[in-house]
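Note on naming: letters A, B, ... go to the chains in the order of the sequence lines (proteins, then strands), and numbering restarts at 1 for each one.
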Protein chains: 2
Amino acid sequence: MERVTMADVANKANVSKSTVSQYINNRFEYMSLETKKRIECAIDELNYQPNIIARSLKQKKTYTIGVIVANILHTFSTQVIRAIEDECQLKNVNVIVCNADDQPSKERKYIETLRAKQVDGLIIFPTGGNLDLYKKLEKSGYPLVFVDRSVENTDITSVLLDNEKASFLAVDHLVKKGYRNIAFLTTSIEMNITPRIERMNGFKKALQKHNLPLLEQFCAGEQIHKMQEKIHFMFSQDEVPDAIICGNDLTLLEVLKFCRKKSLIIPTDIALVSIDEVSFSEIYNPPITVVTQPSYEIGTYAAKQLLKKADDHEKTEETIIRFEPQLVERSST
Amino acid sequence: MERVTMADVANKANVSKSTVSQYINNRFEYMSLETKKRIECAIDELNYQPNIIARSLKQKKTYTIGVIVANILHTFSTQVIRAIEDECQLKNVNVIVCNADDQPSKERKYIETLRAKQVDGLIIFPTGGNLDLYKKLEKSGYPLVFVDRSVENTDITSVLLDNEKASFLAVDHLVKKGYRNIAFLTTSIEMNITPRIERMNGFKKALQKHNLPLLEQFCAGEQIHKMQEKIHFMFSQDEVPDAIICGNDLTLLEVLKFCRKKSLIIPTDIALVSIDEVSFSEIYNPPITVVTQPSYEIGTYAAKQLLKKADDHEKTEETIIRFEPQLVERSST
DNA sequence: CTGTTAGCGCCTTCAC
DNA sequence: GTGAAGGCGCTAACAG
């Protein structure tokens, strides 16, 4: 175990702890070359490594941030996390990632323990279930950034996709391709989760714009484990969809599962466009048309915002930042 | 910002800091109900949260472990990490995940900064490039567990797949199905990375067992960005493979890309089995036959081992633990 | 049952 | 140029 402390180094080098401290922090200005060398030697003879915990206690900074993601199963989440980690790496800060598993209670627990661990700030994909806590953090000036979802009645910086536009892109594309019975399907909208709601609204508006009727059974949010049933229902009505917009990657998976089960040919029997990229979209048979989010940019931006807040503790002006979605046409439409 | 400290609580409740400390640590045995209540009130009036950093400094324990993964792009890595996180959550320890990106220098840096942050132990998917460091950690008794890969000349607990068996399962299956020109392809074997080497050796032994000849160009390790070329070469010889075993998920992706480009029909033109599960194996057209690792069990086991070591600091007896692979037959063979 | 007293390992004035 | 001293917030004997 690491036992060697600054005092040991000081002893060995015949200087005081403070001098060693200076050395560690690269304050060489007033240090004689000779003592510098002695300290250097002592350090690597003893194989000394500063204890960052102790430093953190003093400096009230841990060079660690926390990320609490609502549901890590989404490809989008993992991509954003990757971007955050890369950005933080550049600034030499570590990242602790926690998965709230869509449960506000877990989220709350994580927020509390991460704060207790004195992380310098938090990036949260909010479940939406802890408004009081969010507000308390906001009021106390704690560095905080929301990603993917926003929370009403707060001014917390939120980095989001232009979700309505994502739906517009999908609908416009399908209409142009000649599809008219377009359905929209996504995961549960019970918790009023921003992207799902906004994408659904966007879908409805886009239909209007194209003077297409909105059939109730063609627009749904449903829990994953009831999704098959829902799709089945969609296809058992008089009017059957000729295209489905999947509100996110998990929905796409379910729809593909259904197509396979029913031997539906894509895009002949049914066209598909997914909002959110998936790992296999290019190599799937057929390759899947997709509306992508710039997830890497979103993550990088969020991290930069947070690190800035953590640094100078001044509020940023903007509170909601929207990124542009983009349609990638492949062969499923 | 959180300013309130134990002293504040002590003041407010008219007790000493130590009493508050007792309270925080649930040592109520000798505490009068009345002071207990007073402290309780003070705490939530002030909205006090203990500073875990300070506690860590004292206790020399951070309730945080580090995971350094050689390459986070592998599905296997992410699954193991998920398992580790779940296991640690149960024990209330946090996890810091770092991606070494296959670079020993990055790995070294992460090991050092995580140690400096006093994490209670490290789970490493070793790049293999830091033998001296591994040995130093081992000698100092620092809690350490290797996953996925082992390192020669160390006795560090390593949690691995029975890789040779994985190849045997794949070959046996293909032979039974009537394939005879079986090829094996994986990512670069320059760094002697355990699973790649072992799977390749297993492949060779399995061919022998079935009295099948080993064609040199049918057994290769190649860097991802040169993989297309390599596959192309394989298919441009006199003898062409009728089945390919992909040594890992990234290889599978490349092979699928190739099949798509060349419009090869699976399994008619070429049969495919992948060692390592992928997210889309069930919904792909056709669904992909796979040899899976019990990645969740592997992660859980590794985490348990590490937490045990971190707790009682005694060495575990076993050093290499092998888990059993399993063949999942689908339609690509 | 509760308070006093020392640190944990480091950083930071401020003397010298 | 360097050292002494105090303190970050908490825990852990040990008194009382």
Side-chain angles (χ1 to χ4, degrees), chain A residues 1-40 42-43 46-64 112-120, chain B residues 1-40 42-43 46-64 112-120:
Chain A
M1 301 303 303
E2 204 70 27
R3 320 250 77 224
V4 24
T5 153
M6 210 158 86
D8 300 329
V9 178
N11 270 337
K12 181 135 202 150
N14 259 310
V15 294
S16 78
K17 287 197 299 174
S18 12
T19 309
V20 178
S21 176
Q22 308 253 53
Y23 177 91
I24 294 296
N25 294 290
N26 295 308
R27 307 201 54 73
F28 301 127
E29 292 133 45
Y30 305 118
M31 194 176 300
S32 74
L33 223 157
E34 208 233 328
T35 53
K36 186 173 160 184
K37 287 226 155 148
R38 281 218 312 279
I39 295 176
E40 204 169 313
I43 284 182
L46 295 174
N47 191 14
Y48 166 72
Q49 270 195 309
N51 180 331
I52 294 193
I53 289 291
R55 172 189 297 173
S56 295
L57 179 59
K58 187 74 190 178
Q59 295 186 158
K60 298 168 182 309
K61 247 182 158 284
T62 53
Y63 305 96
T64 305
E112 279 165 356
T113 81
L114 287 178
R115 290 231 49 204
K117 284 206 176 169
Q118 314 295 114
V119 299
D120 299 335
Chain B
M1 302 303 304
E2 204 69 28
R3 320 252 75 223
V4 23
T5 154
M6 210 160 83
D8 301 329
V9 178
N11 271 337
K12 182 136 201 148
N14 258 312
V15 294
S16 79
K17 285 197 302 174
S18 14
T19 310
V20 178
S21 176
Q22 310 252 53
Y23 176 91
I24 293 295
N25 294 288
N26 293 308
R27 306 202 53 73
F28 300 128
E29 292 132 45
Y30 306 117
M31 195 176 299
S32 76
L33 223 157
E34 208 233 328
T35 53
K36 184 173 159 182
K37 289 225 154 145
R38 280 217 312 280
I39 295 176
E40 204 169 314
I43 283 182
L46 295 174
N47 190 13
Y48 166 72
Q49 270 194 311
N51 180 332
I52 294 192
I53 289 289
R55 173 189 294 173
S56 295
L57 180 58
K58 186 74 190 179
Q59 294 187 157
K60 298 168 181 307
K61 247 182 157 286
T62 52
Y63 305 96
T64 306
E112 279 165 356
T113 82
L114 287 177
R115 291 233 48 206
K117 283 205 176 168
Q118 314 297 114
V119 298
D120 298 336

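Side-chain atoms of B:Asn51 come within 3.5 Å of backbone atoms of B:Ile53 as a donor-acceptor pair (strictly under, hydrogens ignored).
Among the nucleotides C:dT2, D:dG1, C:dC10, the one closest to the side chain of B:Ser32 is C:dT2.
Rounded to a whole Å, the CZ atom of B:Arg55 is 22 Å from the P atom of C:dG7. Rounded to whole Å, atom C1' of D:dG7 lies 17 Å from atom CD1 of B:Ile53. The CG atom of A:Leu57 sits 14 Å away from the C1' atom of C:dT12 (whole-angstrom rounding). Rounded to an integer number of Å, the gap from CG of B:Asn51 to P of D:dT11 is 9 Å. Rounding to whole angstrom units, CD1 of residue A:Ile24 and P of D:dT2 are separated by 15 Å. Between the CD atom of B:Glu34 and the P atom of C:dC1 there is a distance of 12 Å, rounded to whole Å. The distance between atom CD of A:Gln118 and atom P of D:dG9, rounded to the nearest whole Å, is 9 Å. Here D:dT11 presents its C1' atom at 11 Å from OH of B:Tyr63, a figure rounded to the nearest Å.
Of the side-chain N and O atoms in A:Ser21, one or more sit less than 4.0 angstrom from OP1 or OP2 of C:dC11. Under 4.0 angstrom from either OP1 or OP2 of C:dC11 there lies at least one side-chain N or O belonging to A:Asn25. Side-chain nitrogen and oxygen atoms of B:Tyr48 include at least one within less than 4.0 Å of the OP1 or OP2 phosphate oxygen of D:dC10. The phosphate of D:dG9 has neither OP1 nor OP2 within less than 4.0 Å of any side-chain N or O from A:Lys58. For A:Thr35, no side-chain nitrogen or oxygen approaches OP1 or OP2 of D:dG1 to under 4.0 Å. Distances shorter than 4.0 Å separate none of the side-chain N or O atoms of B:Lys60 from OP1 or OP2 on D:dT11. For B:Ser16 and C:dT2, the shortest distance from a side-chain N or O to OP1 or OP2 is not below 4.0 Å.
Mapping B:Ala54 and A:Lys36 onto DNA chain D via the closest heavy atom, the residue that lands nearer the 5' end is A:Lys36.
Between A:Leu57 and B:Ala54, the closest heavy-atom pair is CD1-CB, 3.7 Å.
Side-chain N/O atoms of B:Ser18 and base N/O atoms of C:dT4 include a donor-acceptor pair closer than 3.5 Å.
For A:Glu34 and A:Arg38, the salt-bridge test passes: some basic side-chain N is under 4.0 Å from an acidic carboxylate O.
In this structure, A:Val15 reaches the sugar-phosphate backbone alone: every heavy-atom distance under 4.0 Å involves primed, P, OP1 or OP2 atoms, never a base. Residue contacts shown for B:Ser56 are absent, as no nucleic acid heavy atom lies under 4.0 Å away. Within 4.0 Å of A:Met31, counting heavy atoms only, lie sugar-phosphate atoms of the nucleic acid but no base atom.
Between the side chains of B:Ser16 and B:Thr19, at least one donor N or O lies within less than 3.5 Å of an accepting N or O.
If you take CE on B:Met6 and CD1 on B:Ile39, they are separated by 9.5 Å, rounding to the nearest 0.5 Å. To the nearest 0.5 angstrom, B:Lys12 atom NZ is 15.0 Å from B:Tyr48 atom OH.
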